[in-house]
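The block underneath contains the structure these notes are about, expressed in structure tokens.
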Amino acid sequence: MEKRSYFAGKLLPYALLMPQLLVTIVFFYVPAGQAVYQSFLLQDAFGMSTQFVWLENYQLLLSDPGYYQAMTVTAVFSVAVTTLSLSAALLLAVQADKSLRGAGIYKTLLIWPYAVAPVVAGVLWLFMFQPSLGMVAGGLRRMGVDWNPYLNSGDALTLVVLAAAWKEVSYNFLFFLAGLQAIPKSLIEAAAIDGARPTRRFWTIIFPLLSPTAFYLLTVNIVYVFFDTFGIIHAVTHGGPAGATTTLVYKVFNDGRAGGDLGGSAAQSVILMAIVIALTAVQFRFIERKVNY
Amino acid sequence: MADVRLTSVGKIYAGSVPAVKDISFTVPDGGFCVLVGPSGCGKSTLLRMIAGLETITMGEVRIGDRVVNTVEPMDRDIAMVFQNYALYPHMSVYDNMAYGLRNRKTPEAEISARVAEAARILELEPYLKRRPRELSGGQRQRVAMGRAIVRKPQVFLFDEPLSNLDAKLRGAMRVEIKKLQRHLGVTAVYVTHDQLEAMTLADMLVVMNQGVVEQIGAPLDLYERPETVFVAQFIGAPPMNMIELTPTKGLPAGLDGVAGLPLPAAGARLGIRPEHLGVEIDGDARIETRPGDVRLALTVEAVEAVGAETYIHGRLGGDGQMIAAREHGKVLLPAGTTRTFTARREHLHLFDLATGRRIAH
Amino acid sequence: MVENRPLANLVSHLILITGVAIVAFPVYLALVASSSDPTTIANGQLGLIPEGHLFENYWKVLFQGTERSTKQPMIVPLFNSLVMALIISIGKIAISLISAFAIIYFRFPFRHTAFWVIFLTLMLPVEVRIYPTYKIVADLGMLDTYAGLTIPLIASATATLLFRQFFMTVPDELLEASKIDGAGPWMFFKDTLLPLSMTSIAAMFVIQFIYGWNQYLWPLLITTRDDMQTIVIGIQKMLYVTDALTEWQLAMATTILAMLPPVVVVVAMQKLFVRGLTETEK
């Protein structure tokens with residue numbers, strides 16, 4: 001769709017686009033290009049000489065068990081957070097969609113965690129689960145659970161999963177609620193007249209109609225787990241213990257900073273870029289509508 | 001005040017067929033010109049070229065003695081009323097009318113005088129502080145009119161300004177627009193697809209079809225002497241009946257009295273307006289047959305009585321094409337009966353079958 | 001819903017109340033902690049009733065700083081976060097508005113290219129280009145500056161898409177009427193387009209303010225000086241001491257301070273926020 005009328009300016013549109021394009025090129029495309037270029041280079045320990053090594057950085061990476069561990073952690077982390085936050089959000093949204101008294105208040109009380117920074121979420125949950133003084137950790141100990149996220153890999157992963165999922169519920173809740181409210185009431189009434197009971201109505205009518213929303217949220221949640229949870233991990237576990245919570249993004253950060261392995265870090269960045277592009281391509285089905293040039 | 005003169009105006013969009021082809025006419029100073037035609041005939045494109053909203057790819061548009069082909073819309077000294085009114089939704093009625101004047105650096109005192117005058121004429125005085133969304137459709141239409149008249153332009157351009165109103169309001173506004181234009185004496189170019197609006201408003205009617213002008217003239221001249229089949233059928237409701245006469249194929253059954261018509265060898269179309277088909281009503285209105293009259297035997301299929309008149313739809317010769325007739329008063333013929341309908345020779349229209357152009361007879 | 005069954009409604013209320021409780025509990029606990037004294041927390045004796053040190057703790061965090069970790073009064077990073085969030089949100093809105101205006105209301109060579117160049121940045125989050133971007137900012141001498149904190153984050157495909165989408169819905173006739181009324185591009189933008197975009201702008205502001213306020217990785221990389229810290233980074237610094245030494249009551253007060261502004265913005269502008277979110281991302 002195009003506008004029928006427009007202005008005749010020749011230089012003005014370029015001037016208007018300039019700030020955006022300048023920032024985009026200088027801080028997005030150039031660094032992304034450099035990441036790709038660097039991933040083909042090998043630097044010696046002192047940064048004195050660099051050498052073009054083709055795919056050696058990638059080969060090294062793919063033969064590094066630490067990288068596979070990070071991949072596994074990221075996968076487990078994604079599945080756990082996504083499942084937990086999507087199902088909790090759906091459960092809450094379905095209740096809030098009923099014309100209950102006070103539905104508006106519930107909505108307000110459920111959406112604000114969207115505004116909470118991931119790192120804040122991490123700290124809030126760490127405080128509850130801190131082994132020596134956390135309230136929930138104390139409860140677990142009294143129940144005989146030996147809980148220590150500082151030492152136990154499973155405990156550490158559980159903690160960051162809980163914190164990450166807690167924050168993401170509000171976003172998912174909002175979209176599920178919007179999706180539910182977009183389903184015409186007449187459809188549900190028709191199904192009721194056709195004799196479908198509430199549970200059956202949910203699975204045969206509502207859930208299928210909600211699946212585009214769910215699918216969209218799935219990709220958004222995966223992107224969230226990949227990138228935005230960096231703050232939680234950095235503040236709460238530092239990727240530990242023993243790499244149990246080192247996700248791909250955390251590893252890029254850590255290897256590039258501490259190790260100074262710029263080539264390896266760049267190769268990791270490029271792989272991440274490929275993952276984002278793949279996810280965006282999937283999501284594109286939904287963005288298409290607003291692009292349709 | 002100025003006339004609007006179009007010379008061989010055409011519009012071609014890149015990589016497509018011409019939207020408007022070789023159009024020339026002059027709207028005299030103070031004249032009311034209506035461009036009418038079916039949707040997609042190019043009438044809006046032509047209006048927008050006069051306004052300066054579309055580039056002119058061929059020919060020349062003059063307003064007064066100035067060629068305006070490359071003049072910006074704001075400098076053409078025109079005002080335009082849009083179909084959806086295009087009122088600025090965030091501005092009050094007053095500001096909507098004042099905006100164009102402010103952009104032209106008109107002194108504020110002059111602006112408020114002009115807006116007050118327009119508001120008085122259009123009876124908008126109580127609404128000057130309101131936003132467009134707080135007004136009814138008719139009131140919005142008036143604001144759009146007001147925005148045009150405060151500018152005191154040389155030319156008014158109207159792009160289907162009444163089509164978003166209901167039928168009753170449309171009738172009332174039609175009268176008001178005409179009155180206002182007479183009063184102000186401003187040249188007007190008005191686009192519509194509604195032939196009733198076209199007939200009642202125009203001094204000068206331009207019928208367009210597929211990017212070309214079919215005929216230009218006074219509304220009743222077009223009605224009485226349509227130059228083409230298209231004009232004949234576009235103007236008037238129900239449309240003119242058209243019966244194909246091809247001597248080589250034989251004449252349709254139920255048709256009598258066409259022998260004297262000057263039919264070309266290739267064939268012709270015979271046009272008869274519904275109101276020119278008279279029927280005898282059980283002997284009390286005998287129609288005296290004169291030489292040259294055409295008689296149609298119609299088998300009645302439907303009768304629509306609307307009070308002052310009756311529309312009768314019947315098949316020519318029992319199973320031929322549908323023909324519509326319009327009679328005064330109540331003529332309640334039972335369905336299935338066959339009657340003879342008579343048309344006077346002077347009311348017959350004859351068109352060339354191939355070219356669609358009028359044939360003198 | 002079709003049926004109106006009191007029991008089912010009761011269950012729904014219970015589920016929602018449980019949800020709200022789980023969502024709110026960690027924050028409530030932080031609030032309680034920020035009102036207590038260090039020994040109560042260290043001994044694991046923190047209860048569910050707020051104690052009397054609330055004002056004292058917040059005063060200390062804001063204006064004096066912690067004793068053992070950062071030793072910085074948090075009013076400075078709080079201010080930095082505010083500046084950063086405002087520059088990012090206003091900057092994003094400004095440059096996205098004008099670039100969407102150019103793309104929609106002008107015809108020029110490379111128009112589609114420009115759109116795609118902007119659009120494809122969706123695929124390049126800062127996390128995948130951390131070090132090269134860091135190096136560019138360092139080379140430009142923008143480390144430890146507000147410019148370095150904000151400008152690299154200011155390009156936004158999301159906002160450009162939203163405004164582009166909104167401009168598409170503005171009737172063509174408004175532009176045509178403006179032209180006849182004698183308005184050029186700038187006047188049309190200022191007098192008509194901008195007032196009409198106000199709701200979209202406000203919605204975008206909420207989203208981008210939160211985005212800016214909650215930035216973590218980027219400020220972590222490019223700020224080294226304490227006086228350029230943001231509040232979100234400040235929290236992490238407080239935890240970054242030996243466990244036993246963490247002053248939890250102060251850390252929790254900081255946490256509450258760090259989440260308060262964006263939460264207030266979301267709750268106060270809930271309608272706009274929901275609109276902005278569901279319209280841009282879907």
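Because the structure is predicted, anything quoted here is derived from the model rather than measured. Quick note on labels: first sequence line is chain A, next is B, and so on, each numbered from 1.
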Discussion item. Before you tell me yes or no, could you show the steps for Q38(A) and Y131(C) under side-chain contact (heavy atoms from CB on, under 4.5 Å), namely the whole-Å CA-CA distance, both residues' side-chain angles and the distance that decides it to 0.1 Å?
Written reply: CA-CA 10 Å; Q38(A) 253 167 23; Y131(C) 292 107; 5.6 Å; no

Fill in: Pair M252(C)-V123(A), side-chain contact (heavy atoms from CB on, under 4.5 Å): steps then yes or no
CA-CA 8 Å; M252(C) 286 298 124; V123(A) 173; 3.5 Å; yes

Discussion item. Show, in sequence, the C-alpha distance, side-chain angles and deciding distance for F273(C) and Y114(A), and conclude whether the ring pair (Phe, Tyr, Trp, His ring centres under 6.0 Å) test is met.
Written reply: CA-CA 10 Å; F273(C) 156 71; Y114(A) 174 82; 5.1 Å; yes

Item to complete: Start with the C-alpha distance between L120(C) and Y29(A), add both sets of side-chain angles, then the distance that settles side-chain contact (heavy atoms from CB on, under 4.5 Å), and finish with yes or no.
Response: CA-CA 10 Å; L120(C) 290 177; Y29(A) 286 97; 3.3 Å; yes

Practice prompt. For L17(A) and R111(C), run side-chain contact (heavy atoms from CB on, under 4.5 Å): C-alpha distance rounded to whole Å, both residues' side-chain angles, the deciding distance at 0.1 Å, then the answer.
Written response: CA-CA 10 Å; L17(A) 276 166; R111(C) 188 165 67 102; over 6 Å; no

Worksheet item: Taking it one step at a time, do R4(A) and E173(C) satisfy salt bridge (charged side-chain N to carboxylate O under 4.0 Å, His left out)?
Response: CA-CA 9 Å; R4(A) 182 175 64 193; E173(C) 286 83 356; 3.4 Å; yes

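Looking only at side-chain heavy atoms (C-beta outward), F106(C) and K10(A) stay at 4.5 Å or farther from each other. A 4.5 Å side-chain heavy-atom check between P26(C) and W125(A) finds at least one atom pair inside the cut-off. With contacts defined as side-chain heavy-atom distances shorter than 4.5 Å, the pair M128(A)/F25(C) qualifies. Proximity of Q270(C) to T108(A): side-chain heavy atoms (C-beta onward) are separated by under 4.5 Å at one or more points. Using a 4.5 Å heavy-atom cutoff, the side chains of L110(A) and L16(C) are in contact. Using a 4.5 Å cut-off on side-chain heavy atoms (C-beta onward), P125(C) and V276(A) make contact. Inter-residue side-chain proximity for Q34(A) and T133(C) is flagged as unmet; no heavy-atom pair is nearer than 4.5 Å. Side-chain contact check for L177(A) versus V274(C): every heavy-atom pair is 4.5 Å or farther apart.
Of the two parts of K179(C), only the side chain, counted from C-beta on, holds a non-hydrogen atom closer than 4.5 Å to a non-hydrogen atom of chain A. Using a 4.5 Å cut-off between heavy atoms, L21(A) touches chain C through its side chain atoms alone. Interface remark: M273(A) contributes backbone and side-chain atoms alike to the contact with chain C (heavy atom separation under 4.5 Å). Contacts of I210(C) with chain A are made by side-chain atoms alone, with heavy-atom separations under 4.5 Å and no backbone atom involved. Neither the backbone nor the side chain of Q268(A) comes within less than 4.5 Å of any heavy atom in chain C. For a residue to count as touching a neighbouring chain, one of its non-hydrogen atoms must lie under 4.5 Å from one of that chain's; by this rule Y14(A) touches chain C with the side chain only. Interface remark: V206(C) contributes no atoms to any contact with chain A (heavy atom separation under 4.5 Å). Only the side chain of I136(C) comes within contact range of chain A, with heavy atoms under 4.5 Å apart. Looking at V236(A), there are no atoms closer than 4.5 Å to chain C (heavy atoms on both sides), in backbone or side chain. Contacts of A178(A) with chain C are made by side-chain atoms alone, with heavy-atom separations under 4.5 Å and no backbone atom involved. Proximity to chain A (any heavy atom under 4.5 Å) is restricted, for A183(C), to the backbone atoms N, CA, C and O. Of the atoms belonging to L153(C), not a single heavy atom falls under 4.5 Å from chain A.
Ranking A121(A), A137(A), A115(A), S269(A) against chain C, the residue ahead of the rest is A115(A), based on heavy-atom pairs under 4.5 Å. Of the residues considered (V170(C), V267(C), L217(C)), L217(C) shows the highest number of contacts with chain A, using heavy-atom pairs under 4.5 Å. For chain C, the option among V119(A), L109(A), L272(A) with the highest count of heavy-atom pairs below 4.5 Å is V119(A). When V169(A), I271(A), L12(A), I25(A) are compared by the number of non-hydrogen pairs under 4.5 Å with chain C, L12(A) comes out ahead. Note: S12(C) leads A94(C), S12(C), P109(C), P262(C) in heavy-atom pairs under 4.5 Å with chain A. When V11(C), L29(C), V137(C) are compared by the number of non-hydrogen pairs under 4.5 Å with chain A, L29(C) comes out ahead. Interface remark: of the candidates V266(C), V264(C), L220(C), L220(C) forms the most heavy-atom pairs closer than 4.5 Å to chain A. The residue among G19(C), A251(C), A24(C), P132(C) with the most heavy atom pairs within less than 4.5 Å of chain A is P132(C). Counting heavy-atom pairs under 4.5 Å between each of S5(A), P19(A), S265(A) and chain C puts S5(A) at the top. Between chain A and the options V232(C), I130(C), V117(C), heavy-atom pairs under 4.5 Å are most frequent for V117(C).
Atom CD1 of I105(A) sits in a sparse spot, with 12 or fewer heavy atoms from other residues, nucleotides or ligands closer than 6.0 Å. With a 6.0 Å radius and a threshold of 12 heavy atoms from other residues, nucleotides or ligands, F202(A) has its CZ atom above the threshold. Residue F110(C) qualifies as open at atom CZ: its count of foreign heavy atoms under 6.0 Å is 12 or below.
Between H238(A) and Q236(C), the closest heavy-atom pair is CE1-NE2, 4.2 Å. For the residue pair F167(C) and K3(A), the shortest heavy atom distance occurs at O-NZ, 2.8 Å. Looking at every heavy atom in both residues, P152(C) comes nearest to F28(A) through O-CE1, 3.6 Å.
A donor-acceptor distance shorter than 3.5 angstrom exists from the side chain of R129(C) to the backbone of F27(A), with no hydrogens or angles considered. Judged by distance alone, with hydrogens and angles left aside, the side-chain atoms of W166(A) form a donor-acceptor pair with the main-chain N or O of V23(C) at under 3.5 Å.
For the atom pair CG of L124(A) and OG1 of T255(C), the computed distance is 6.0 Å after rounding to the nearest 0.5 Å. Distance check: I17(C) CD1 to Q95(A) CD gives 11.5 Å after rounding to the nearest 0.5 Å. Atom CZ in F189(C) sits 8.0 Å away from atom CG in L16(A) (nearest 0.5 Å).
Shown are W186(C), F108(C), F188(C); of these, the ring-ring contact (aromatic ring centres under 6.0 Å, His included) with F7(A) is made only by F188(C).
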